[in-house]
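None of the values given here were measured: they were computed from a predicted structure. So that the names make sense, note that chain A is the first sequence line, chain B the second, and so on, each numbered from 1.
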Amino acid sequence: MQGDHPNNARKNDQNPKQIGPRSNRYEPHQIEAKWQRRWEEARVFEVSSHPSRPKFYLLEMFPYPSGRIHMGHVRNYSIGDVMARFRRMQGFNVLHPMGWDAFGLPAENAAIDQKVHPAVWTFQNIDFMRNQLKKLGYSYDWSREFATCTPEYYKWNQWVFLKMYERGLAFRKKSFVNWCPSCQTVLANEQVEAGLCWRCNAEVTQKELEQWFLKITAYAEELLKGCEELAGGWPERVLTMQSNWIGKSHGAEVDFPLAELHGCIRIYTTRQDTLYGATFMVLAPEHPMAKELCRGTLQEAKVMEFIERQSRVEKFVREAESTEKEGVFTGQWAINPLTRERIPIWVANFVLMEYGTGAIMAVPAHDQRDLDFARKYSLPVRVVIQPQEGTLDQENMTVAYTQEGTLVQSGPFDGMPSSKAREAIGQYLEEQGIGRRTVNYRLRDWGISRQRYWGTPIPMIYCQRCGTVPVPYEQLPVILPLDLDLLEGGRSPLPASEEFLKVACPECGRQARRETDTMDTFVDSSWYFGRYTCPHYTQGPLDPQEVGYWMPVDQYIGGIEHAILHLLYSRFWTMFMRDLGLYREGEPYRRLLTQGMVCKESHYCPEHEYLFPEEVEERDGMPHCLKCGSPVRVGRVEKMSKSKKNVVDPDRIVSRYGADTVRLFCLSDSPPEKDLEWSDQNVEGCYRFLNRFWNLVCDRLEVTKDVEPYRGELPPEGPARSLLQATHAAIKKVTEEIEERYHLNTAISAIRTLVNQIQELEPQGLDSRSRSVLRLAMETALVLLYPFVPHICEELWERLGQPDSLVDHPWPKWDEAMLLREEVQVVVQVNGKVRAQLTLPAGASQQRVLEAAMADPRVQKHTGGRSPRKVVHVPDRLLNLVL
RNA sequence: GCGAGAGUGGCGGAACUGGCAGACGCGCUGGACUUAGGAUCCAGUGGGGCAACCCGUGGGGGUUCAACUCCCCCCUCUCGCACCA
């Protein structure tokens with residue numbers, strides 16, 4: 001990486017005499033600036049809807065304006081740009097927009113650290129990053145750019161929120177949340193690291209707060225069903241993750257009457273077939289009945305102490321599997337509705353209030369958690385399912401039997417297979433009115449309230465008289481005031497701003513108070529793709545005409561880290577917007593490509609932890625820490641990150657080699673969905689290839705000048721024929737790799753193969769037909785390479801004398817007839833081992849191939865003159881002689 | 001524990017429905033041109049063997065004329081979920 005050779009003059013230049021503005025040397029910065037300017041001036045990437053033209057909506061996940069583009073962005077957007085330019089050449093009307101996910105915490109952190117307003121910081125970053133993206137030459141329609149932190153956009157977040165509120169899908173509820181007492185705010189789960197606030201390291205507690213929720217669970221079934229329909233277009237693992245997250249289970253709710261008190265406790269189980277084995281019950285500590293039940297019993301003090309203690313344990317600690325199961329008896333009993341036995345009611349830490357009903361029936365013989373708990377507190381164990389083989393010993397068993405079997409000790413259901421018993425007992429419960437079969441989801445409603453400043457204000461008003469009142473539509477947007485500064489510790493200034501807070505109640509006109517929480521930023525990214533189709537529309541969030549033409553997104557590209565959150569939220573949001581009549585379909589993304597991470601080797605010193613490469617010195621062939629001299633561990637390839645000190649700044653690479661080199665590297669070393677390992681040497685290799693390609697074309701400008709690309713018949717055997725065939729083979733391979741498999745790395749290697757073959761044809765002394773074939777091969781290589789490295793290709797295309805830009809050049813088609821070979825290589829195997837290779841006319845019969853094979857001395861040597869017992873012939877490929 | 005994916009030269013990775021394993025590139029070796037080469041070009045490059053040949057896709061079995069590819073068992077790694085009743 002040191003030295004300046006990429007900028008060296010090419011001293012052995014074939015044609016050093018040419019001077020003036022048009023140098024014969026590959027000068028990436030000059031040509032990149034030139035073509036970026038031309039594209040921009042001609043507005044070639046600005047598109048509009050054309051109902052008669054086929055559309056293709058290509059979208060990459062928009063960036064958070066963090067300050068600088070990183071290599072992950074470059075990879076993501078380079079993949080997208082190939083697809084966009086490729087589809088455009090295929091004749092599609094391609095929408096390829098870019099914008100900014102501009103609300104969020106980092107802006108507030110910057111405000112605290114740098115004393116700059118979040119809005120100022122955000123827009124400065126946007127300006128800087130937009131410039132970076134432009135220098136990379138992506139084919140965006142910049143006329144559609146927007147940032148989500150503008151009122152023109154977030155107005156419609158508020159509008160949709162009110163629509164949800166009208167339909168009961170936005171509601172306020174008390175719930176436990178992660179709370180940082182020092183920052184005075186709710187934290188998302190991702191912002192809690194090992195129980196500490198990621199920013200101030202204060203211990204995060206659980207706090208019960210009134211929060212706004214969106215009822216994503218109302219769409220649980222459709223979200224799940226969609227996972228099946230998206231199969232094929234989406235990576236399977238993303239769909240699996242979403243299905244697991246939704247977590248549908250079939251079971252039953254059963255009411256257990258209290259023995260001494262009125263009322264009953266409702267539980268949820270998936271194993272109603274084990275109901276006869278329920279020997280105790282357990283409530284979550286937060287269960288509303290937990291405190292009630294123990295009141296007045298001898299257990300009261302103990303239970304209250306336990307509940308109090310559990311409330312102080314952070315959720316993630318309590319939910320960890322390693323946490324010891326712990327509980328107390330409430331002093332109350334319930335009746336098992338099937339056995340009519342009295343069973344004790346406990347409160348324990350391993351039961352979660354959020355799942356099911358927050359209460360369980362414990363069947364220790366057939367559930368490991370229940371068994372662990374039963375053994376610890378000496379509670380009874382009763383086997384009600386016996387396996388096919390062997391007999392369970394309920395007195396001594398330590399491993400619960402959770403599989404299928406035959407019912408025992410289960411009254412009228414004895415002898416029934418457990419799967420059948422689930423149905424039968426479920427039905428019986430319904431007949432008796434003590435329970436019902438039901439479906440349960442793991443998915444929880446989406447809490448969107450944030451005690452933050454830099455976000456969309458939630459459009460609600462609290463009136464002492466009228467209660468919670470929505471802001472009337474005509475008063476939208478509720479503007480986030482920009483003349484406020486964050487309070488100490490990053491606290492939101494909204495609750496302290498009289499001007500913002502005080503508002504007339506829309507119903508009674510008396511003074512009321514605005515909601516001061518803002519929305520989770522995932523709201524912003526839940527529908528931005530729709531807004532790109534009509535970024536300036538003012539009559540609603542979406543222009544039906546534009547949306548009708550462009551949506552859904554045909555190809556979405558982004559990181560796997562959004563597999564659940566963003567991709568689930570936006571599916572939900574789209575389904576809701578569809579129900580409002582804003583979309584025709586509920587699924588926003590037809591095809592999804594999740595690209596891998598960009599990784600690089602890290603350097604780790606046992607003393608000083610992660611080191612920058614320049615903090616490492618080579619000594620005795622071993623890397624050592626410059627600070628302390630300790631040997632440094634290298635060779636571990638990890639995701640590029642500041643903390644690992646292994647990031648490569650795209651700007652540095654662009655300024656050294658140009659955008660085309662960075663793009664080519666990011667696309668050629670790995671298939672898009674896999675991780676990409678950064679390699680300085682391979683970047684160098686890409687730069688060398690572009691130089692070689694440049695020189696190759698420039699050196700052949702003379703011989704191909706005024707020559708038409710070849711369009712005739714397949715010439716006879718010879719270099720021209722080979723090159724023509726190679727050209728068509730490359731078109732076929734590259735087209736299929738991009739279109740069907742997204743394997744851009746193998747597409748690139750196919751182009752490199754073609755370039756190598758062009759180079760093999762000595763350009764001097766060619767006949768006119770060969771020059772024509774050469775011209776075709778060169779043009780084809782340029783066109784195929786164009787989506788990957790557009791600048792160099794446009795420049796060479798122009799130098800070839802082409803009047804048009806490659807932007808709208810039709811993607812080439814291959815001719816199968818050109819791929820036909822007169823002669824083929826047939827492999828001859830003897831007993832499955834390759835022994836000879838024969839050159840034979842294509843389509844030779846088995847008889848013909850066999851004769852040729854038997855005449856081959858190497859084959860004869862291995863057959864020893866014997867005739868084969870069996871002959872396997874794969875036409876034009878292989879002949880296997882089995883002796 | 002459950003779920004998903006992966007394991008191929010010195011390295012990144014090819015081989016799409018079983019049919020010449022290692023495409024393409026990086027690195028390396030030798031050579032040419034050079035005052036010079038970290039530029040460019042040419043040749044070579046899975047391992048072993050002088051050779052004929054033999055051995056090679058995490059390990060072990062199997063199916064098949066033929067297995068990186070299909071089946072069974074095992075090992076390792078990565079990711080996701082994880083006390084979900």
Side-chain angles (χ1 to χ4, degrees), chain A residues 2-6 8-14 235-241 243-245 247 249 251 267-271 274 282 318-325 348-352 354-363 366-370 372-373 440-442 560-561 563-564 597 637 665 668-671 673-686 688-689 691-692 695 733 736-737 740-741 743 745-753 755-756 759 825-834 836-837 861 868-874 877-883:
Chain A
Q2 299 305 310
D4 60 353
H5 58 280
N8 274 351
R10 189 172 160 240
K11 291 205 178 140
N12 288 357
D13 209 319
Q14 308 273 330
E236 197 187 299
R237 64 181 177 140
V238 174
L239 295 173
T240 310
M241 280 163 76
S243 305
N244 291 345
W245 188 263
S249 64
I267 60 101
Y268 171 75
T269 179
T270 55
R271 291 299 302 274
T274 64
V282 190
R318 211 183 97 194
E319 290 186 9
E321 201 175 9
S322 53
T323 302
E324 172 108 21
K325 289 174 187 48
N349 59 350
F350 70 98
V351 176
L352 309 173
E354 298 85 22
Y355 186 79
T357 60
I360 63 159
M361 65 171 193
V363 185
H366 306 294
D367 183 289
Q368 192 59 46
R369 293 156 299 179
D370 298 350
D372 294 344
F373 195 78
N440 195 53
Y441 299 93
R442 212 188 72 119
I560 185 76
E561 66 272 20
I564 293 176
M597 299 179 296
V637 177
F665 170 75
S668 55
D669 258 28
S670 287
E673 69 275 14
K674 281 202 188 172
D675 287 352
L676 171 73
E677 187 185 335
W678 185 265
S679 155
D680 290 337
Q681 284 177 326
N682 288 7
V683 174
E684 191 88 23
C686 287
R688 276 208 307 269
F689 169 75
N691 266 289
R692 185 161 68 89
N695 294 331
K733 173 87 173 160
E736 288 175 351
E737 294 293 281
E740 290 165 25
R741 301 204 308 159
H743 279 196
N745 57 328
T746 49
I748 290 169
S749 60
I751 301 170
R752 294 178 92 128
T753 304
V755 171
N756 292 345
Q759 197 156 33
Q825 302 286 311
V826 178
V827 167
V828 181
Q829 299 181 328
V830 179
N831 284 337
K833 295 204 177 203
V834 180
Q837 234 187 52
K861 184 178 162 193
R869 182 167 58 83
K870 184 173 176 184
V871 177
V872 181
H873 181 230
V874 183
R877 291 191 107 154
L878 168 142
L879 185 81
N880 191 8
L881 307 174
V882 187
L883 297 178

**Item:** Partners passing salt bridge (Lys or Arg N to Asp or Glu O under 4.0 Å) against A/D367 (at least two apart in sequence or in another chain)
**Value:** A/R369
**Message:** Say we look at B/A21 and B/U57: how far apart would their C1' atoms be, to the nearest angstrom?
**Reply:** 7 Å
**Request:** Produce a footprint string for nucleotides 45-55 of chain B: one letter per nucleotide, 5' end first; B if the base is under 4.0 Å from any protein heavy atom, S if only the sugar-phosphate is, - if neither.
**Result:** -------SSSS
**Asked** What nucleotide among B/A39, B/C41, B/G13 has an atom nearest to a side-chain atom of A/P671?
**Response** B/G13
**Prompt:** Taking atom C1' in both B/C79 and B/C83, what distance in whole Å separates the two?
**Reply:** 22 Å
**Pair A/V637-A/W678, side chain to side chain contact (heavy atoms under 4.5 Å, CB included): steps then yes or no** = CA-CA 9 Å; A/V637 177; A/W678 185 265; over 6 Å; no
**Prompt:** B/C24 and B/A43: how far apart are their P atoms, nearest whole angstrom?
**Reply:** 13 Å
**Asked** Could you run down nucleotides 18-24 of chain B 5' to 3' and tag each one B, S or - for protein heavy-atom contact under 4.0 Å?
**Response** -BB--BS
**Distance, C1' atom - from B/U76 to B/A66, rounded to whole angstrom** = 29 Å
**Asked** How far apart are the closest heavy atoms of A/G356 and A/Y268, and which atoms are they?
**Response** CA-CB, 4.1 Å
**Item:** Watson-Crick and G-U pairing of RNA chain B written in dot-bracket, each distance under 3.5 angstrom, with | for inter-strand partners
**Value:** (((((((..(((......[....)))((((((.......))))))(((....)))..(((((..]....))))))))))))....
**Prompt:** Using the ring of each side chain (for Trp, its six-membered ring), is A/F373 parallel, tilted or perpendicular to A/F350, with breaks at 30° and 60°?
**Reply:** tilted
**Item:** Distance in angstrom units between A/Q368 CD and B/C83 C1', rounded
**Value:** 11 Å
**Item:** Side chain of A/N244 - closest among B/G3, B/A39, B/C84
**Value:** B/G3
**Request:** Please list, chain by chain and in numerical order, all residues satisfying side chain to side chain contact (heavy atoms under 4.5 Å, CB included) with A/N244, sequence neighbours excluded.
**Result:** A/T240
**Prompt:** What integer number of Å spans the C1' atoms of B/A32 and B/A39?
**Reply:** 14 Å
**Prompt:** Has the side chain of A/N745 got a donor or acceptor atom that lies under 3.5 Å from a matching backbone atom of A/D669?
**Reply:** no
**Item:** Residues in side chain to side chain contact (heavy atoms under 4.5 Å, CB included) contact with A/V834, at least two apart in sequence or another chain
**Value:** A/V827, A/Q829
**Asked** Between B/C53 and B/G58, how far is it from one C1' atom to the other, in whole Å?
**Response** 27 Å
**Item:** Base-contact (B) and sugar-phosphate-only (S) positions in nucleotides 6-12 of chain B, heavy-atom cut-off under 4.0 Å, - elsewhere
**Value:** ------S
**Message:** With the 90 degree cut-off around zero defining syn, does B/G9 come out syn or anti?
**Reply:** syn
**Prompt:** Is the shortest side-chain N/O distance from A/R442 to OP1 or OP2 of B/C2 below 4.0 Å?
**Reply:** no
**Item:** Atom pair distance, as rounded to whole Å: CZ in A/R741 and C1' in B/G13
**Value:** 13 Å
**Prompt:** Which residues pass the salt bridge (Lys or Arg N to Asp or Glu O under 4.0 Å) test with A/R692, sequence neighbours left out?
**Reply:** none
**Message:** With rounding to the closest Å, how many angstrom separate the C1' atoms on B/G46 and B/C28?
**Reply:** 14 Å
**A/I360 side chain reached by A/Y355 side chain, heavy atoms, under 4.5 Å** = no
**Message:** Base, sugar-phosphate or nothing for A/V351? Non-hydrogen atoms, less than 4.0 Å.
**Reply:** base
**Prompt:** In whole angstroms, how far is the P atom of B/C81 from the CD atom of A/E561?
**Reply:** 12 Å
**Complete:** Heavy-atom nearest nucleotide on RNA chain B taken for A/D370 and for A/S679; more 5' hit belongs to A/S679
**Message:** Taking the P atom in each of B/C68 and B/G59, what is the distance between them to the nearest angstrom?
**Reply:** 11 Å
**A/A750: partners by side chain to side chain contact (heavy atoms under 4.5 Å, CB included), with sequence neighbours left out** = A/K733, A/V734
**Request:** Only counting residues at least two apart or in another chain, list the ones meeting ring-ring contact (aromatic ring centres under 6.0 Å, His included) with A/F689.
**Result:** none
**Prompt:** In whole angstrom, what separates A/R692's CZ from B/U40's C1'?
**Reply:** 11 Å
**Minimal non-hydrogen separation, A/T274 against A/M361, with atom names** = OG1-CE, 3.7 Å
**Prompt:** Are A/L879 and A/V872 close enough that some pair of their side-chain heavy atoms sits under 4.5 Å apart?
**Reply:** no
**Item:** Atom-pair distance (CZ on A/F350; P on B/C84), nearest Å
**Value:** 9 Å
**Asked** Can you name the side-chain hydrogen bond (donor to acceptor under 3.5 Å, both in side chains) partners of A/H743, sequence neighbours left out?
**Response** A/R741
**Prompt:** Which is true for A/R869 with a 4.0 Å heavy-atom rule: it touches a base, it touches only sugar-phosphate, or it touches nothing?
**Reply:** nothing
**Prompt:** Considering all heavy atoms of both residues, which atom of A/L676 and which atom of A/S670 are nearest to each other, and what is their separation?
**Reply:** CA-OG, 3.8 Å
**Item:** A/R237: partners by side chain to side chain contact (heavy atoms under 4.5 Å, CB included), with sequence neighbours left out
**Value:** A/I560
**Donor-acceptor pair under 3.5 Å, A/K325 side chain vs B/C83 base** = yes
**Asked** How many Å lie between CD on A/E673 and P on B/A4, as a whole number?
**Response** 18 Å
**Request:** Would you kindly give the CZ-to-P distance between A/F373 and B/A85, to the nearest whole Å?
**Result:** 18 Å
**5'-most by nearest nucleotide on RNA chain B - A/G832 or A/Y268** = A/G832
**Asked** Just how far, in rounded Å, is P of B/C26 from CD of A/E684?
**Response** 10 Å
